[in-house]
2 protein chains.
Amino acid sequence: MAAALTRGLTAEGFVVDVCRDGPSGLEAARFGGYDAVLLDLMLPGMSGYTVVRTLREEANWVPVLVLSAKDGEYDQADALDYGADDYLTKPFSFVVLLAKLRALVRRDPVPRPTAVQAHGIRLDPATREVTVDGAHVELAVREFAVLERLLAASPAVVSKEELLDAVWGDAAEGVNIVEVYVGYLRRKLGRERVETVRGVGYRIAP
Amino acid sequence: MAAALTRGLTAEGFVVDVCRDGPSGLEAARFGGYDAVLLDLMLPGMSGYTVVRTLREEANWVPVLVLSAKDGEYDQADALDYGADDYLTKPFSFVVLLAKLRALVRRDPVPRPTAVQAHGIRLDPATREVTVDGAHVELAVREFAVLERLLAASPAVVSKEELLDAVWGDAAEGVNIVEVYVGYLRRKLGRERVETVRGVGYRIAP
DNA sequence: ACCCCACCTGAGAGGACCCTGAGACCGCTG
DNA sequence: CAGCGGTCTCAGGGTCCTCTCAGGTGGGGT
């Protein structure tokens with residue numbers, strides 16, 4: 001199959017390198033400077049999951065398109081949560097593969113971590129897990145949403161109005177509810193983690 | 001289905017607005033300031049293709065996740081080529097939808113306006129951080145606004161009337177308040193940082 | 001040398017802004 | 001039904017920002 005894909009992609013104008021096992025693919029992705037990686041999940045030596053997760057942990061955001069015979073829905077979700085950008089199940093159409101590949105290459109190579117992280121606070125949108133300096137913290141849905149917004153903006157300051165709009169939507173009443181939830185967050189994360197910028201809003205403490 | 005999705009996404013902490021036809025959806029996407037758009041291809045009034053293509057032609061790059069009962073391979077390719085960011089075919093798994101949506105939302109971090117800087121004074125509008133020769137300085141909202149204006153104009157001189165108009169607006173009373181706030185700034189930044197040009201105004205000292 | 005006027009500043013009133021405890025409401029669970 | 005966790009409103013109280021005012025200072029023109 002690697003040979004067939006190489007032929008097809010080359011005919012479409014792509015320049016293709018092939019690796020035949022996990023470790024060598026990881027090595028190539030690390031240092032090859034590729035525009036995109038086409039990754040099979042079933043690899044000798046190292047699973048595709050491990051490859052993509054390792055890359056992301058190393059802050060390598062090369063676009064990864066995962067390719068697999070598996071088709072359980074949770075496999076897709078898993079691959080995406082591990083940091084893959086897109087997913088194709090075999091048997092797949094070459095036309096679709098081309099379209100997805102082009103879409104990936106078009107994208108800006110901006111860092112896209114699966115988890116948001118700043119100043120000791122880690123938040124994983126997929127698993128709803130939040131840790132502060134490694135310690136696990138339980139958050140309610142609203143609290144989680146507020147923290148997510150603050151982390152996404154960090155180190156910038158987020159106004160109460162923006163938080164209100166992002167978390168409560170247009171039907172929001174007043175900004176006091178934001179103050180209350182920031183209070184809840186401080187109680188759970190630690191008093192100093194969320195900083196008030198008087199007259200402006202809140203931010204994650206540096 | 002819209003109701004079911006709204007319920008599910010709301011439970012996950014998303015804020016959801018629903019539009020039931022193409023034109024109203026397009027309008028909402030244009031002006032709603034959304035983090036992402038979930039778009040069905042089969043819409044009354046205007047096809048989803050048209051919606052996403054129109055948005056892209058208007059240079060609106062809001063992330064779009066297309067959702068459709070169609071499953072021909074060319075539909076997927078078409079949607080992606082029209083500018084959609086990702087694609088899901090019905091019936092789809094809610095877990096996968098969530099994963100894809102999160103991947104889209106975290107894609108592009110908000111572009112931060114760059115910091116203003118002049119003669120040892122650095123001011124970052126996003127983080128509201130002000131440093132003088134590297135030392136951090138705390139400023140109130142009004143003080144910040146005055147300094148921002150002075151820095152933006154630097155090395156030019158800014159008249160009191162212009163500062164008054166820029167910071168206090170039309171309802172301004174007298175220029176003495178400007179003098180008072182320049183005094184506050186000098187106290188915090190250092191006496192020599194803001195220079196008085198008698199009869200004209202103020203400027204950042206060279 | 002003198003004086004006028006632009007500018008500076010300390011004091012203090014008032015209030016905007018923010019935090020928080022108490023409690024109502026709701027849906028879920030045992 | 002009682003208990004509980006999550007959500008939200010409300011009012012009281014503390015902090016510090018904002019602005020006014022009046023008196024002081026000094027530059028520069030005559």
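Because the structure is predicted, anything quoted here is derived from the model rather than measured. Order of the sequence lines sets the chain letters (A, B, ...), proteins ahead of strands, with each chain counted from 1.
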Exercise. Decide, yes or no, whether a salt bridge links A:Arg128 with B:Glu12 under the criterion of side-chain N to carboxylate O below 4.0 Å.
Key: yes
message: Is the phosphate of C:dA6 approached by B:Thr196 (side-chain N or O, under 4.0 Å from OP1 or OP2)?
response: no
Rounded to whole Å, the CD-C1' distance (B:Glu12 to D:dG6) equals 16 Å
Closest to the 5' end of DNA chain D, once B:Asn176 and B:Lys188 are matched to their nearest nucleotides, is B:Lys188
What one should report as the nearest heavy-atom pair of B:Leu139 and B:Leu147 is CD1-CD2, 3.8 Å
Within the modelled atom types, does a donor on one side and an acceptor on the other bring the side chain of B:Tyr184 and the base of D:dC19 under 3.5 Å apart?
yes
Result for 5'-nearest mapping on DNA chain D, choosing between B:Trp168 and A:Ala140, is A:Ala140
Whole-Å distance, A:Glu179 CD to D:dT9 P, equals 12 Å
Whole-Å distance, B:Arg198 CZ to C:dC5 C1', equals 7 Å
Ranking B:Lys160 and B:Arg187 by the position along DNA chain C of their nearest nucleotide, the one closer to 5' is B:Lys160
When every non-hydrogen atom of B:Pro206 is compared with those of B:Glu195, the smallest separation belongs to CD-OE1, 3.4 Å
In whole angstroms, the gap separating P of D:dC8 from CD of A:Glu173 amounts to 11 Å
Separation of D:dT20 atom C1' from B:Arg142 atom CZ, nearest Å, is 14 Å
Taken to the nearest whole Å, CD/A:Glu192 to C1'/C:dC19 is 14 Å
To the nearest angstrom, the CG-P distance between A:Leu185 and D:dC8 comes to 13 Å
Nearest-nucleotide check on DNA chain C, B:Gly183 vs A:Tyr202; residue mapping nearer the 5' end is B:Gly183
ask   = Is there a donor in the side chain of B:Arg53 and an acceptor in the side chain of B:Ser47, or the other way round, less than 3.5 Å apart?
value = no
On a heavy-atom basis, the closest approach of B:Arg203 and B:Val197 is NE-CG2, 4.3 Å
Between CG of B:Leu139 and P of D:dC17 the distance, given in whole Å, is 10 Å
Quiz item: Looking across every strand, which nucleic acid part, if any, lies under 4.0 Å from B:Val182 by heavy atom: base, sugar-phosphate, or nothing?
Solution: nothing
